[in-house]
There are 2 protein chains.
Amino acid sequence: MARYEQIASDLRDAIVRGDYPIGAQLPSEAELALRYAAARGTVRQAVALLAAEGLVGSRQGARRIVLGSERSQSFAELHSFAQWARSMGYRASGTVLSSGRRPCSPSEAVRLSLEPGEEVLAVLRLRRLDGEPVLVERTVYAGWIAPAVERLDPDCESVTQELYESVGLVFAYGEHLIDAVAAGSEDARLLGVRRGSPLLRQRRVTTTQEGRPVESSDDRYRAGSVTFSIRNSTAANPLVRRAGD
Amino acid sequence: MARYEQIASDLRDAIVRGDYPIGAQLPSEAELALRYAAARGTVRQAVALLAAEGLVGSRQGARRIVLGSERSQSFAELHSFAQWARSMGYRASGTVLSSGRRPCSPSEAVRLSLEPGEEVLAVLRLRRLDGEPVLVERTVYAGWIAPAVERLDPDCESVTQELYESVGLVFAYGEHLIDAVAAGSEDARLLGVRRGSPLLRQRRVTTTQEGRPVESSDDRYRAGSVTFSIRNSTAANPLVRRAGD
DNA sequence: TACTCTGGCTTGTTTGTACAAGTTCGCCTA
DNA sequence: TAGGCGAACTTGTACAAACAAGCCAGAGTA
């Protein structure tokens with residue numbers, strides 16, 4: 001562990017322990033440098049970590065102050081569409097509309113850590129809540145998992161669960177990007193909305209627990225059907241999908 | 001603007017422009033230092049900004065690679081609009097288009113923990129990135145903070161920061177709801193898009209650190225201008241692993 | 001041919017120095 | 001007493017140097 005990480009960890013513990021209560025001033029960088037026998041730059045890297053976690057704030061010229069003392073460590077796991085739907089009391093169903101192998105694009109190669117041109121499996125799925133189409137899923141699977149995916153039932157309810165049961169694969173969700181886009185003609189036809197109407201798009205890369213990329217997906221929700229919700233942002237990020245309200 | 005922000009901005013432009021396509025290698029720090037006639041530390045600050053935005057990734061020993069070319073707002077650090085914009089090297093500006101007191105609605109009373117009919121301050125703001133309108137903010141402030149808000153400069157860059165400096169108020173973000181909606185006629189006019197075009201909506205309630213509600217806001221981002229990102233980090237860096245190890 | 005290994009390159013960490021810019025607080029003056 | 005001013009302090013930015021750690025390709029070897 002790097003020196004600045006040790007210092008950050010030490011300061012974080014002190015804050016959580018209450019040595020520096022919320023609103024209190026942190027010692028100056030010079031004093032911390034003296035205390036830890038480190039250069040000021042090293043101390044700055046340490047407090048930069050804490051600032052990134054939202055624990056402390058700073059303004060040029062004034063002493064740093066403690067903003068919070070909550071440990072972030074997010075357990076919040078994003079569940080699969082089917083798991084989520086079931087927990088909300090909805091019946092989820094889905095259909096594979098098309099599926100095929102092709103060489104990956106350069107951007108897919110980067111996202112999935114593949115060699116340029118390596119083969120991937122592209123799947124287009126339509127998913128429904130209580131029979132009503134709400135989500136178009138365009139997923140690209142890395143070549144090594146493709147055979148297992150192709151063996152799945154096209155109307156399979158939970159891909160996540162099936163893959164767990166068939167090959168013991170446990171998903172760990174990586175990064176999610178959320179924005180709004182206009183429905184293309186294919187989106188519009190599948191979701192039963194007009195072309196150009198707003199969709200909530202979630203792009204994500206899913207990995208194995210070891211960090212090996214499995215799939216990259218572009219999911220588009222019909223407006224009004226689903227809302228993403230986040231609580232308490234300075235600390236954890238429990239992201240939760242909600243049915244339209 | 002600081003030197004490292006200029007360099008970051010320049011590199012960001014180059015990436016967005018496609019000079020460095022996704023998957024490409026960025027020049028080494030030494031080369032960038034030479035090109036910009038800056039010290040290596042300064043260049044590192046610049047690329048650290050880009051890395052924080054998710055635009056580039058890095059592994060010790062290997063050249064930095066371009067991961068994406070879109071701006072995104074990380075939930076891990078849901079700062080104010082101005083803070084976020086500044087951290088990305090953009091210049092944020094804003095204008096209050098209308099502002100006035102009125103009795104609160106029943107739903108506002110619940111969200112802000114007010115008595116039904118209590119007075120609130122409703123503010124409509126248009127916010128810009130580098131002069132371009134990207135966000136319509138409809139905010140309702142609780143009555144007790146209204147005087148401080150009304151004293152603010154209508155073109156004030158960061159409301160959060162101003163309120164912190166004037167009355168020592170530190171925001172703690174509560175719950176955020178994110179979905180997609182169609183632009184209404186007012187939204188369309190202000191953002192310069194067509195009516196019905198997709199907007200990314202973020203509804204939030206902000207509280208003091210003690211949990212007292214301060215404001216309730218309905219923010220609508222122009223599609224394509226902003227992406228929200230969530231990183232669910234089970235392992236540190238899923239983006240740098242290569243297949244086969 | 002296939003494999004290993006080494007040397008050069010690149011990023012990560014740390015130290016030290018210097019100045020700029022903003023804050024805070026006490027002193028001095030009107 | 002109220003207000004202005006400035007000195008000391010604190011954080012922000014920038015430069016320079018050195019070594020550690022990891023990556024990669026090409027040279028050399030079996």
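The structure presented is a predicted model; accordingly, all values stated were derived computationally and were not measured. Throughout, protein chains are lettered first and strands after them, A, B, ... in sequence-line order, and every chain is numbered starting at 1.
Side-chain contact between Ser99(B) and Leu121(B): present, with at least one pair of heavy atoms (C-beta onward) separated by less than 4.5 Å. For the pair Thr95(B) and Arg128(B), the minimum side-chain heavy-atom distance is below 4.5 Å.
Here dT11(C) is the nucleotide among dT23(C), dG12(D), dT11(C) with the atom lying nearest to any side-chain atom of Ser58(B). When each of dG12(D), dT13(D), dG12(C) is scored by its nearest atom to the side-chain atoms of Ala2(B), the top-ranked nucleotide is dT13(D). For Glu29(A), counting side-chain heavy atoms from C-beta on, the closest listed nucleotide (dT11(C), dT14(C), dG12(D)) is dG12(D). Out of dT10(D), dT11(C), dA14(D), the shortest distance to the side chain of Arg63(A) is found at dT10(D).
One interatomic measurement links the two molecules: CG of Leu50(B) to C1' of dT11(C), which rounds to 15 Å at whole-angstrom precision. The separation between Met1(B) atom CE and dG12(D) atom P is 17 Å, rounded to whole Å. Whole-Å rounding puts the Gln45(B) CD to dT13(C) P distance at 14 Å. For Arg3(B) and dA21(C), the CZ to P distance is 16 Å, given to the nearest whole Å. Taking atom CD on Glu5(A) and atom C1' on dT14(C), their separation rounds to 13 Å, with Å as the unit. Separating the CG atom of Leu32(A) from the C1' atom of dT10(D) is a distance of 12 Å, rounded to the nearest angstrom. When rounded to the nearest whole Å, the span between CZ of Arg59(A) and P of dT10(D) equals 15 Å. Between the C1' atom of dT10(D) and the CZ atom of Arg64(A) lies a distance of 9 Å, rounded to the nearest Å.
In this structure, Arg3(A) contributes its side chain and Tyr36(A) its backbone to a donor-acceptor pair below 3.5 Å. Remark: side-chain polar atoms of Arg222(B) are paired, donor with acceptor, to backbone N or O of Pro133(B) under 3.5 angstrom.
Residues satisfying the salt bridge (charged side-chain N to carboxylate O under 4.0 Å, His left out) criterion with Glu118(B), sequence neighbours excluded, are absent altogether.
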Every protein N/O lying under 3.5 Å from an N/O of nucleotides 17-20 of chain D:
unit_1, atom_1, unit_2, atom_2, d
dA18(D), N6, Arg40(B), NH1, 3.4

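The nearest heavy atom of DNA chain C to Ala62(B) and to Ala62(A) marks one nucleotide each, and the one closer to the 5' end goes with Ala62(B). Along DNA chain C, the nucleotide closest to Gly61(A) and the one closest to Tyr4(A) are compared, and the more 5′ of them pairs with Tyr4(A).
At least one side-chain nitrogen or oxygen of Thr42(B) sits closer than 4.0 Å to the OP1 or OP2 atom of dC15(D).
At its two ends the helix from dT1(C)-dA30(D) to dA30(C)-dT1(D) runs along axes set 10° apart, each axis drawn from five pairs and the angle rounded to 10°.
Between Ile7(B) and Ala38(B) the shortest heavy-atom distance is CD1-CB, 4.1 Å. Listed here is the closest heavy atom pair of Leu112(B) and Glu215(B): CD2-C, 3.6 Å.
The side-chain hydrogen bond (donor to acceptor under 3.5 Å, both in side chains) with Asp219(B) is formed by just one residue from the set Arg125(B), Arg204(B), Arg138(B); it is Arg204(B). Exactly one residue among Arg63(B), Arg44(B), Arg35(B) makes a salt bridge (charged side-chain N to carboxylate O under 4.0 Å, His left out) with Glu29(B). That residue is Arg44(B).
Nucleic acid contact class of Ala38(B) (heavy atoms, under 4.0 Å, all strands): sugar-phosphate only.
Ion pairing between a basic and an acidic side chain is recognised when a charged N comes within 4.0 Å of a carboxylate O; Arg203(A) and Asp218(A) show no such pairing.
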